[in-house]
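Have a look at the structure below, then the notes.
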Amino acid sequence: MLTEPDAVAEQEKLRQQIITENRFRQPIRYIAGADVEYDKDTNLIAGAIAVLHYDTLELAAVATHVMEVTFPYIPGLFSFREMPPLLAAWEKLTLKPDLIICDGHGIAHPRRFGLASHLGTILDLPTIGCGKTRLYGTFAEPGARRGSISPLLAEDDQQVIGNALRTQDNINPVFVSTGHKVSLDTATAIVLEMARLYRLPETTRIADHHGRLAMEAYKEKNPL
DNA sequence: GCGACAG
DNA sequence: ATCTTGTCGC
């Protein structure tokens, strides 16, 4: 099994591969959302990846995978818990997206290696981190209107590691950061564009929905 | 020693 | 993550 020190060493190794500039073919045609659901009374987790048409937000493909957890929840090593089900779901996916928005942070992480960066470097695919709450860094409250941003700062405000982005008027901001091969500015613009109606981008909402369905179906088919 | 701590 | 309907407020 993977030990904590090994996980940290793995992070450091992969972290060096992160590219924080745009390196993807434009225009974007397919954009995906990646999310993982947990079951309250078992140790099952369901990874889900939903691919949407970038322009219409119409669902183009989806894949899920239910399995048992293989790593505990440790802030900072979170990705080692969610990567297994996501990679398994990725293998089942028939239509590969141009870019993935992850439910968790990218480089807005104490060692600059959150889930989005982990998934991006392993798959060598452009990824964006979009977390609902802050993990690392300091920030000033962004303006009250949709589209307002405020930088997430680290190392005594000497580094910008992400953006607090208000996706709807007077609603708590989300935290956007580069995962891999997408600049912070581009990542922020894409998340805002995908969050037309709700606080979270449509990609993660759809992935979350299918993850739930997969979990229910699995428990139905495999009773305790 | 005391908090903080993605999902 | 999960527990969870109605309800307080804009």
Side-chain angles (χ1 to χ4, degrees), chain A residues 4 7-8 10-11 14-15 18 33-50 64-89 100-122 127-139 144-146 152-156 161-180 184 187-188 191 199-201 203-216 218-219 224:
Chain A
E4 196 168 329
V8 174
E10 176 76 355
Q11 286 188 321
L14 290 171
R15 183 188 62 72
I18 298 175
D35 187 31
V36 173
E37 322 298 323
Y38 293 73
D39 182 55
K40 78 175 179 66
D41 36 41
T42 66
N43 50 0
L44 295 174
I45 50 178
I49 298 180
T64 59
H65 185 79
V66 180
M67 62 183 284
E68 304 218 317
V69 294
T70 60
F71 201 80
Y73 171 64
I74 301 172
L77 292 180
F78 174 60
S79 64
F80 290 90
R81 186 173 173 78
E82 301 209 338
M83 279 293 281
L86 289 178
L87 289 178
I100 300 177
I101 296 180
C102 300
D103 183 38
H105 301 286
I107 64 172
H109 174 285
R111 290 181 297 280
R112 305 297 186 277
F113 198 75
L115 173 63
S117 296
H118 199 160
L119 190 62
T121 51
I122 290 293
T127 55
I128 292 172
C130 180
K132 294 184 284 294
T133 62
R134 181 199 69 91
L135 165 66
Y136 190 69
T138 60
F139 70 103
R145 306 282 290 179
R146 165 182 160 82
L152 233 197
L153 306 169
E155 266 49 65
D156 289 313
I161 58 176
N163 271 158
L165 166 68
R166 189 93 62 191
T167 54
Q168 299 298 330
D169 292 356
N170 304 91
I171 289 298
N172 284 156
V174 295
F175 300 84
V176 181
S177 58
T178 289
H180 185 47
L184 177 58
T188 303
V191 169
R199 177 164 90 115
L200 300 181
T203 39
T204 62
R205 299 186 76 252
I206 301 297
D208 175 280
H209 176 63
H210 286 278
R212 272 181 216 296
L213 294 180
M215 181 66 87
E216 284 182 31
Y218 183 92
K219 292 179 70 179
L224 294 176

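Throughout, protein chains are lettered first and strands after them, A, B, ... in sequence-line order, and every chain is numbered starting at 1.
- Of the possible polar contacts, one joining the A/Gln11 side chain to the A/Gly76 backbone as a donor-acceptor pair under 3.5 Å is found.
- Using a 4.5 Å heavy-atom threshold, the side chains of A/Leu135 and A/Pro110 count as touching.
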(request) Give the dot-bracket string for DNA chain B, reading 5' to 3', where a pair is Watson-Crick or G-U wobble with both distances under 3.5 Å, ( ) marks pairs inside the strand, [ ] marks pairs crossing earlier ones, | marks a partner on another strand, and . marks unpaired. (result) .......
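- Of all nucleotides in DNA chain C, those with any atom nearer than 4.0 Å to a heavy atom of chain A start and finish, going 5' to 3', at C/dA1 to C/dC3.
- Counting heavy atoms from C-beta outward, A/Phe80 and A/Glu10 have side chains that approach closer than 4.5 Å.
- The nearest whole Å value for the distance from the CZ atom in A/Phe175 to the C1' atom in B/dC5 is 14 Å.
- Within 4.0 Å (heavy atoms only), A/Gly129 reaches no atom of the nucleic acid at all.
- Straight-line distance from the CG atom of A/Asp35 to the C1' atom of B/dG7: 9 Å, rounded to whole Å.
- Distances shown here put every side-chain N or O of A/Thr133 at or beyond 4.0 Å from the OP1 or OP2 atom of B/dC5.
- Judged as a ring pair (Phe, Tyr, Trp, His ring centres under 6.0 Å), and not counting sequence neighbours, A/His180 has no contacts.
- Using a 4.0 Å heavy-atom cutoff across all strands shown, A/Leu115 reaches at least one base atom of the nucleic acid.
- Side-chain contact between A/Ile161 and A/Leu184 is absent, with no heavy atoms from C-beta onward closer than 4.5 Å.
- A salt bridge between A/Arg205 and A/Asp35 is absent, with no side-chain N of the basic residue lying under 4.0 Å from a carboxylate O of the acidic one.
- Partners of A/Tyr38 by ring pair (Phe, Tyr, Trp, His ring centres under 6.0 Å), not counting sequence neighbours: none found.
- Legend: residues meeting ring pair (Phe, Tyr, Trp, His ring centres under 6.0 Å) with A/Phe175, ordered by chain and number and at least two apart, are A/Phe139.
- Within the 4.5 Å cutoff, no side-chain heavy atoms of A/Leu213 are placed close to those of A/Glu37.
- At whole-Å resolution of the value, CG in A/Leu44 and P in B/dG7 are 21 Å apart.
- Put simply, the side chain of A/Tyr218 does not reach to within 4.5 Å of the side chain of A/Asp39, judged on heavy atoms.
- Among the pairs that DNA chain C forms, none builds a region of at least three successive Watson-Crick or G-U pairs under 3.5 Å.
- Per the geometry, CZ belonging to A/Phe71 stands 18 Å off P belonging to B/dG7, to the nearest Å.
- The number of heavy-atom neighbours closer than 6.0 Å to CG of A/Asn43, taken from other residues, nucleotides and ligands shown, is above 12.
- Nucleic acid contact class of A/Asp39 (heavy atoms, under 4.0 Å, all strands): none.
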